[in-house]
Amino acid sequence: MAKLVAFYSRADENYFGGSMKYIQIGNTEKAAKMIADMTGADLFKIEQKIPYAADYNTCIAQAKEDKQTGKRPEILNLPQDIDQYDEIYLGYPNYWGTMPMAVYTFLESYDFTGKKIHPFCTHVLEV
Ligand SMILES: Cc1cc2nc3c(=O)[nH]c(=O)nc-3n(C[C@H](O)[C@H](O)[C@H](O)COP(=O)(O)O)c2cc1C
């Protein structure tokens, strides 16, 4: 049976060790591609129909509101089914202590009974 790496990731402006930087490829996407290379899994990027802003401060405000209101943002090109996969690597960035709400949309779109899920999460550790 096949493997899938499903991941959410955002390029654009993000916070790196005390400063803001625009990037072309998000952290989780880099990790997702490494896992796909190592496992031979297919890749699916969980993309919102209406993406969050490129600007970091606007993005965190949008994501916070979506979390507080329990929103389920619509996803682009959501596969009709994922029956062919028995092992799924699920990657996401930590957003406000949990997953981006679009990852909830993804999870609620399928029945994962009997499938093995390997979650992986990227984050910023501030001490
Ligand atoms: C909307 C938003 C909320 C975030 N909330 C947290 C958080 O609660 N804790 C944390 O450690 N990092 C937080 N981060 C940082 C991201 O988890 C981190 O930069 C992650 O690697 C981004 O992944 P990406 O580049 O694949 O999108 C947040 C970033 C954004 C944009």
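Order of listing sets the numbers, starting from 1, for every ligand and every atom in it.
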Give the atom numbers and elements of ligand 1 that come within less than 4.0 Å of a heavy atom of [X].
X: Ser9; answer: 24 (P), 26 (O), 27 (O)
X: Arg10; answer: 24 (P), 25 (O), 26 (O), 27 (O)
X: Thr28; answer: 23 (O), 24 (P), 26 (O)
X: Trp96; answer: 3 (C), 4 (C), 5 (N), 6 (C), 7 (C), 8 (O)
X: Gly26; answer: 25 (O), 26 (O)
X: Asn14; answer: 19 (O), 22 (C), 25 (O)

(request) Would you name the heavy atoms of Gln48 and Ala102 that are closest together and state the gap between them? (result)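 So the two residues come closest at CG-CB, 3.7 Å.
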(message) For a side-chain contact (heavy atoms from CB on, under 4.5 Å) check, start with the C-alpha distance between Leu107 and Phe112, then their side-chain angles and the critical distance, and finish with the verdict.
(response) CA-CA 8 Å; Leu107 288 173; Phe112 292 91; 3.9 Å; yes
(message) Please check this pair: side chain of Tyr110 against backbone of Pro79, looking for a donor-acceptor N/O pair closer than 3.5 Å.
(response)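 At least one qualifying donor-acceptor pair exists.
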(message) Strictly distance-based, threshold 3.5 Å: is any side-chain N or O of Lys67 a donor or acceptor partner for the main-chain N or O of Trp96?
(response)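 Present.
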Check this for me: [X], atom [atom1], are more than 12 non-hydrogen atoms of other residues, nucleotides or ligands nearer than 6.0 Å?
X: Gln84; atom1: CD; result: yes
X: Glu108; atom1: CD; result: yes
X: Lys45; atom1: NZ; result: yes

(message) Regarding atom 8 (O) of ligand 1: of the candidates Ala63, Gly97, Cys121, which has the closest heavy atom?
(response)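 Checking each option, the heavy atom nearest atom 8 (O) of ligand 1 is found in Gly97.
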(request) Between Ile25, Asn94, Asn57, flag the one that comes closest to atom 4 (C) of ligand 1 by a heavy atom. (result)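 That would be Asn94.
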(message) Is there a polar contact between ligand 1 and Ile23, counting only N or O atoms under 3.5 Å apart?
(response)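 Min N/O separation from ligand 1 is not below 3.5 Å for Ile23.
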